[in-house]
Enquirer: 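Sharing a structure with you now.
For ligands, and for the atoms within them, numbers begin at 1 and follow the listed sequence. Heads up: numbering here begins at 1 and tracks the sequence. Below, each value reflects all heavy atoms present in this structure, side chains not excepted, and no hydrogens, waters or symmetry copies. This structure is a prediction, so every number in the text was calculated from the model and none was measured.
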Amino acid sequence: MELSTQKLIHTFGALADLGQEIAGAGDFTEMVRTSMHLLLGTLALRRGAVVECSGPTGPLTCVAVWGLSDQIFNELEIEDAEKQAFLAGEPTELLVKNTPCTNGFLNRHRDKLTAEGIELVFPMVVRGEVTGLVLLGGKASGEEFSSDDFGIVRAMVRHIGVGIHTHRLLEQVAQRAEENRRLYDELRAIYRDTVRAFAAAIDIKDKYTQGHSERVGRYSEIIAREMGWSEEEVEGIQIAGYLHDIGKLIVDRDIINAPYNIDAKLSSDLNRHPAAGYEILAPINHPYADIPLMAKYHHERLDGRGYPDGLTDEQIPLGAKIVSLADSFDAMTTDRPYRRRRSFEDVVRDLRENSGKQFDGKVVAAFARAILKEVKGEIKDRRITKLLGKGYLENERVPTLLTDLITDLEKEVSRKGAKAQSLS
Ligand SMILES: [Fe+2]
């Protein structure tokens, strides 16, 4: 085989290796270093470096180096006009020793480059712009660079330039994505804080139920998580819990504060609050789905005797069923001026009796499982216990009450499922 053919095959091989190296997902600095070594190896050059422009004008940053002292890179800088000279000049003008020369960069740095043994300075050009330079030492054989050599260098430097450029673009994209993610997180945090401030404002209006909305948000979150909802959905239902009574902001304070002794007219005024809540929440672009509907339907019942629309089981969104249970549970387990809170045994009896009528059995079972996990010490962070206060769940009968409730509800749920299947 002729020497030139062998060289051509070798060059093609090197270009293929270079392409693979640049397209690889490995370490960036290693990619540039290997690419430069492929270039040095192809032409048997003794030294070289890849330097990158840090801006339109100014210092050059070394990305990879072989056989040169670091000193030189502290002193290399390029001006915008000099980049244009690289684009316009003939390849032979890239040889350091050629004088006179129209390339201002070579003229300014000739002595330093010569002292380091640099013989050829090739621009990395991407989309018509000089993005960096490749500095190359002479051939180990002592031969001059041929026009073929210039062609090989041009092709390989182009590959390296595009590789570096692509990497920098990806870095920028990743940085933007990270900034966007941070901004998004900040916005969500602001949204959550605003919602909690609203929840506090709702509860202040009702002097008997301080902290009610906050607790309903927390119970809803715990139930949804127990039911296997995604983190995003869990965050959403927590917000719905905080805001479920926002419609009370338009109900007269005296009506809210006299729920045990109001006539039919006042009662219907109070019962407007779920629909009013929907009106308030619907125009807002919430980061979570269905929040207005969860507020609207949190007083619906499975048997159709709820309000505002008298929906039945399948018509009520699952989120609204969760908020409804959390709401009633908090009402039963907190003191009011006209009554003490109910014992846990009494609450469990109520949940059992009203599952399938007011509450969805699956939702009640999930809540009971979450409480049982805390009671049995299977969960470190005992959030329900903290919300209910010391001692409330510390009755020895509590685990049995919960276990029996869960067993019965799960039996009922599977019986209903089997019945629905036989009908379909
Ligand atoms: Fe309500």
Side-chain angles (χ1 to χ4, degrees), residues 195-224 236-282 284 286 290-311 315-339 341-342 347 350-351 354 357-360 363-364 367 387:
V195 163
R196 290 180 81 167
F198 261 113
I202 299 161
D203 292 345
I204 280 170
K205 207 167 175 190
D206 185 342
K207 64 181 178 187
Y208 303 133
T209 58
Q210 293 292 300
H212 168 70
S213 299
E214 174 95 23
R215 288 191 298 274
V216 171
R218 289 177 186 230
Y219 289 136
S220 300
E221 175 213 329
I222 290 165
I223 300 168
I237 198 151
Q238 185 176 27
I239 300 290
Y242 288 153
L243 294 176
H244 74 287
D245 269 345
I246 197 168
K248 282 189 178 171
L249 289 176
I250 63 145
V251 178
D252 195 77
R253 186 186 286 263
D254 294 338
I255 300 173
I256 295 173
N257 286 321
Y260 54 98
N261 188 23
I262 52 175
D263 59 24
K265 160 79 178 68
L266 295 183
S267 173
S268 85
D269 276 356
L270 181 62
N271 292 358
R272 277 172 47 225
H273 79 272
Y278 179 78
E279 297 298 323
I280 294 169
L281 295 172
I284 299 169
H286 302 275
D290 296 340
I291 287 176
L293 283 179
M294 295 189 215
K296 185 175 184 179
Y297 295 133
H298 77 274
H299 283 294
E300 294 289 357
R301 297 168 51 104
L302 268 65
D303 58 13
R305 290 172 52 221
Y307 59 93
D309 292 345
L311 301 182
Q315 296 171 312
I316 307 169
L318 183 56
K321 291 174 174 176
I322 294 175
V323 175
S324 165
L325 175 64
D327 186 22
S328 298
F329 182 81
D330 186 61
M332 288 190 273
T333 54
T334 44
D335 289 335
R336 300 290 151 95
Y338 47 94
R339 61 153 175 79
R341 69 171 168 179
R342 293 159 73 173
V347 171
D350 188 291
L351 295 178
N354 284 303
K357 295 179 199 158
Q358 181 179 357
F359 309 120
D360 187 318
V363 181
V364 176
F367 198 14
L387 287 169

Enquirer: Looking only at side chains, do Asp245 and Ser213 share a donor and an acceptor under 3.5 Å apart?
Expert: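 On atom types as modelled, these side chains do not qualify, holding no pair under 3.5 Å.
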Enquirer: Ignoring hydrogens, what is the shortest heavy-atom contact between Phe359 and Leu302? Give both atom names and the distance.
Expert: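 That closest heavy-atom pairing would be O-CD2, 3.6 Å.
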Enquirer: Given NE2 of His299 on one side and NE2 of His298 on the other, what angle do they make at the Fe ion (ligand 1), to 10°?
Expert: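 Taking the Fe ion (ligand 1) as the apex, I get 90° for this pair.
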Enquirer: Closest heavy-atom contact between Val216 and Ala326?
Expert: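 Looks like O-CB, 3.7 Å.
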Enquirer: Would you check if the Fe ion (ligand 1) lies under 2.8 Å from any N, O or S atom of Asp245?
Expert: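 Here the distance criterion (N, O or S atom, under 2.8 Å) is met by Asp245, so yes.
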Enquirer: Working to the nearest 0.5 angstrom, can you tell me the gap between Ile280 CD1 and Phe198 CZ?
Expert: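 The CZ atom of Phe198 is 8.0 Å from CD1 of Ile280, to the nearest 0.5 Å.
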Enquirer: Please find out if the Fe ion (ligand 1) and some N, O or S atom of His244 are separated by less than 2.8 Å.
Expert: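 Short answer: no, not a single N, O or S atom is under the cut-off.
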